[in-house]
Undergrad: 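A single structure is presented below for examination.
Letters go in sequence order (proteins before strands), and every chain restarts at 1.
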Amino acid sequence: MDKKNGIVIETQGLSKSYKGVEALKPLSLQVPKNSIFGFLGPNGSGKSTTIKLLLDLIHPSGGSATVFGFDTVQKSPEIRTRVGYMAQDQRFYGHMTARETLRFVAGFFYAGPKAEIEKRIDETLELVDLVGKADRPVQGFSGGERQRLGIAQAQVNYPDLLILDEPAAALDPQGRHDVLMIMERLRKHSTIFFSTHILDDVQKVSDTVAILNHGELVALAPIEELLVGSGNVVYLFTTIGDGDGIQTLLSDMSWVTDINRSGVNGRTQWQVIVDDEDAAEAQLLRSVQSGSEVTVTEFGRKKFELEEIFLEIIKESNHGNK
Amino acid sequence: MATNSTFVIVKEQGWRMGFANLLRNENLELWRSHRWIKQAGLWLLAVNGFVVINLFVLPAIILPDENVSSMMDPVSEGIRALFQIGTTALAIGTITMTQGKVIGERETGITAWILSKPVSRPAYFLAKIVAHSLEIIAIMVGIQSVVAYGLISLANGEAFPLLPFLIGVGGMILHTFFYLALTLMLGVLVKTRSQVLGIAMGLFFGGMLLPNLINQLGLVTPWLLPNILPVLALQMQIPFVTAYLPILMTAIWSMVFIIVALWKLPRLEF
């Protein structure tokens, strides 16, 4: 790993074009150690392209990337000794069993001792709940089982970096939950870089999210920051008592752009949109509380669902591209 | 890595990264299953079947006619069957069996999966060449040659001269290796299985005709080897250049195919 700054992946203007068509526009990002980095975007947005560039399966048209501080083009096999990768479309030798597949993959990393390798294979099979099918040929596996085997083979070598391309795409809700749990467990030892179009998964486990659209990075932020929303900031609070005074008070504030209120069971719920975050942070709660005739029972900044944020960002990006 | 201190780490570097594991896997696929027994049986039937027919069956059928009998030496015909028909059959068999070895894995995504591990691209290709060369030497040519040598010696009434026979066997291995290298290289160069098969078979069958139109082509290609090898094994008179230049050129072409594949592979995208 790059010891200077704890960055595992760093891209600088990394791009890829096919016959003049930009599959990935210059991309610059950093993935910190032990983070779960969600790489989000619609189909065809450039997620898999980025992953393949990091693994040197395809060659960049411009820019550069480093993994553990090593150039991905010059030092790719060395980088891959510390990486586990699961492709979007899992393909294995059909005649091999799950155990043989893991043994084959482990053989790229470990020369022995045999007993330890077998122990590790057993642990891995257990982790992905494939013990019962360990000795069956992979060609008879369902999509979900292949997906599990994909995760197993990606982490059999205790990778420092786990790259997962759509790890939960072919799974049922229980399977998806299990995969996310596995990712949570693995984060203790590994940095996880995963692509997905399932927003719920990203919201559940990611620390940082990057959103790609049409090959362009349109958002990059810690998940908490992203969920707060972009542009106008929205505050939600609930009061008991006559709120007319508050309405008047807020209307006079220059940084308040919109006020909505609704009453339920003697409580008033407020949604206040502001365009000056700093002013709102400093004054809004104090101003509301200063109205002696009301009691504030709840106060906070609105947290958006990732889906709302995602759709908004994609919409803006699509609009900007037109 | 986090918890791997108990393991002996693979220490291959450079182009050898992943080679040993890939070779082990290719060999396992062949030897662990009973595929090699089936293959050996098939080739025994295909190659030595013709040898037996020429050594024992045809002479028995046409023996009463003295004129024909005088023209047919069973041992010579057995040698021709082995090195002419056998070499031709092995080339077709090699193309058919290995046409999907590289392109098939490229098409299904297995190559991308393997290359996402600590594997150098040359190692990926060389493991296939080495594994299938062993297959050719051991099963396709080796076993057949031993059996054929026994049969020919039996028909000969004494041991057939070993050295010229081995020269023929060497030529047969080289001829088969040429089509192996060609087919695997095409798997790297082109994009579909049908292209691999079409070009390889086209070159093979074209090679049967072209030397008749341009004589010199026979000297710089393997196309006349099925005719030359029986002559060498039978120690018949043949100009040195006519006999050995095609063998040398076949070896050179095979190396060129490997070099081209090794040059192209790092430029491919998966």
Side-chain angles (χ1 to χ4, degrees), chain A residues 16 18 49 51-59 73 76-96 100-101 103-117 119-120 123 150 153-161 163 165 186 188-190, chain B residues 1-35 100-124 127-128 131 264-270:
Chain A
K16 179 67 184 174
Y18 293 101
T49 300
I51 286 174
K52 286 182 174 185
L53 284 166
L54 293 175
L55 290 163
D56 196 37
L57 292 173
I58 57 175
H59 311 306
V73 175
S76 184
E78 288 81 359
I79 289 170
R80 284 184 260 127
T81 60
R82 299 169 59 188
V83 173
Y85 166 61
M86 181 191 140
Q88 183 174 3
D89 188 14
Q90 292 299 302
R91 296 290 180 166
F92 307 110
Y93 288 113
H95 64 273
M96 283 187 184
E100 286 165 349
T101 303
R103 199 177 286 143
F104 172 54
V105 173
F108 289 118
F109 302 93
Y110 305 128
K114 228 175 182 179
E116 289 297 327
I117 293 173
K119 194 174 146 196
R120 176 61 185 156
E123 278 171 14
Q153 60 82 34
Q155 57 88 57
V156 74
N157 59 313
Y158 300 101
D160 290 329
L161 170 63
I163 298 178
D165 198 355
L186 294 174
K188 279 183 220 157
H189 306 297
S190 305
Chain B
M1 275 171 248
T3 357
N4 61 0
S5 53
T6 51
F7 294 101
V8 179
I9 304 296
V10 169
K11 288 207 166 65
E12 289 170 325
Q13 293 291 322
W15 71 266
R16 287 181 294 116
M17 284 187 88
F19 178 77
N21 193 41
L22 287 167
L23 182 59
R24 189 165 48 239
N25 186 53
E26 294 281 348
N27 283 331
L28 260 181
E29 190 189 337
L30 176 68
W31 300 106
R32 187 195 55 170
S33 63
H34 297 302
R35 189 160 72 86
K101 288 292 170 185
V102 173
I103 196 75
E105 292 191 358
R106 279 177 63 193
E107 284 175 342
T108 57
I110 282 182
T111 311
W113 172 53
I114 289 173
L115 293 179
S116 73
K117 308 301 174 199
V119 172
S120 81
R121 295 189 181 198
Y124 172 74
K128 289 198 183 300
K264 179 67 180 175
L265 204 51
R267 289 161 176 78
L268 287 184
E269 298 196 327
F270 298 95

Undergrad: Please name the pair of heavy atoms, one in F108(A) and one in P118(B), separated by the smallest distance, quoted to 0.1 Å.
TA: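 F108(A) and P118(B) have their closest heavy atoms at O-CG, 3.8 Å.
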Undergrad: Could you walk me through whether Q90(A) and W113(B) pass the side-chain hydrogen bond (donor to acceptor under 3.5 Å, both in side chains) check?
TA: CA-CA 8 Å; Q90(A) 292 299 302; W113(B) 172 53; 5.7 Å; no
Undergrad: Hey, which of V105(A), L161(A), I163(A) has the most heavy atom pairs under 4.5 Å with chain B?
TA: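 Among V105(A), L161(A), I163(A), the one with the most close pairs to chain B is V105(A).
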Undergrad: Which atom names give the shortest non-hydrogen contact between I58(A) and F270(B), and what distance separates them?
TA: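 That would be CG2-O, 3.6 Å.
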Undergrad: Taking only Lys NZ, Arg NE, NH1 and NH2, and the carboxylate oxygens of Asp or Glu, determine whether E269(B) and K16(A) approach each other closer than 4.0 Å.
TA: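 So E269(B) pairs with K16(A) through a salt bridge.
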Undergrad: Go through A154(A), A87(A), G112(A) and name the one with the most non-hydrogen pairs under 4.5 angstrom from chain B.
TA: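 Going by pairs under 4.5 Å, I would pick G112(A).
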Undergrad: Quick one: what part of M86(A) sits under 4.5 Å from any heavy atom of chain B, side chain, backbone, both or neither?
TA: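 Looking at M86(A), nothing touches chain B.
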Undergrad: Quick check on R267(B) against chain A: is it the side chain, the backbone, both or neither that has a heavy atom closer than 4.5 Å?
TA: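 For R267(B), backbone heavy atoms alone lie under 4.5 Å from chain A.
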Undergrad: Please rank S190(A), G150(A), P77(A) by heavy-atom pairs under 4.5 Å with chain B and give me the top one.
TA: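 Ranked by heavy-atom pairs under 4.5 Å with chain B, first place is P77(A).
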Undergrad: State, with a plain yes or no, whether a side-chain heavy atom of T6(B) is found less than 4.5 Å away from one of Y110(A).
TA: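 They are not in side-chain contact.
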Undergrad: Listing request: all side chain to side chain donor-acceptor pair (under 3.5 Å) pairs with a residue in residues 8-21 of chain B, at least two apart in sequence or in separate chains.
TA: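 Qualifying pairs: N21(B)-R24(B).
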Undergrad: Taking all non-hydrogen atoms of both residues into account, name the closest pair between M17(B) and T81(A) and its distance.
TA: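 So the minimum-distance heavy-atom pair works out to CE-CG2, 3.8 Å.
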Undergrad: Starting at CD of Q153(A), measure out to OG of S116(B) and round the result to the nearest 0.5 Å.
TA: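 Interatomic distance, Q153(A) CD to S116(B) OG, rounded to 0.5 Å: 6.5 Å.
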Undergrad: Select one option (side chain, backbone, both, neither) describing which atoms of K114(A) are under 4.5 Å from chain B's heavy atoms.
TA: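 Neither; nothing under 4.5 Å.
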Undergrad: Would you name the heavy atoms of G107(A) and V10(B) that are closest together and state the gap between them?
TA: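 Residues G107(A) and V10(B), closest heavy atoms: O-CG2, 3.6 Å.
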Undergrad: Check whether any side-chain N or O of R80(A) sits under 3.5 Å from a backbone N or O of K117(B) as a donor-acceptor pair, and report yes or no.
TA: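 It does hold such a pair.
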Undergrad: Distance from E29(B) atom CD to Y93(A) atom OH, nearest 0.5 Å?
TA: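 Going from CD on E29(B) over to OH on Y93(A), the span is 7.0 Å.
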Undergrad: What distance separates F7(B) CZ from I117(A) CD1, expressed to the nearest 0.5 Å?
TA: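 Spacing of CZ (F7(B)) from CD1 (I117(A)) equals 6.5 Å.
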Undergrad: What is the minimum heavy-atom distance between A112(B) and L57(A), and which atoms define it?
TA: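 Heavy atoms of A112(B) and L57(A) come nearest at O-CD2, 3.7 Å.
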Undergrad: Which heavy atom of R91(A) sits nearest a heavy atom of I110(B), and at what distance?
TA: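 Smallest interatomic distance, heavy atoms only, reads CB-CG1, 4.0 Å.
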Undergrad: Against chain A, label I114(B) side chain, backbone, both or neither, depending on which of its atoms sit under 4.5 Å from a heavy atom there.
TA: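 Only the side chain of I114(B) comes within 4.5 Å of chain A.
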Undergrad: Who pairs with D165(A) by side chain to side chain donor-acceptor pair (under 3.5 Å), at least two apart in sequence or on another chain?
TA: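 For D165(A), the residues satisfying side chain to side chain donor-acceptor pair (under 3.5 Å) (neighbours in sequence not counted) are S48(A), S195(A).
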Undergrad: Please determine, among K188(A), R103(A), K52(A), the option with the most heavy-atom pairs under 4.5 Å with chain B.
TA: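 When all of K188(A), R103(A), K52(A) are compared, K52(A) has the most.
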Undergrad: Atom CG in L28(B), atom CD in E100(A): separation rounded to 0.5 Å?
TA: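 If we round to the nearest 0.5 Å, L28(B):CG and E100(A):CD are 8.0 Å apart.
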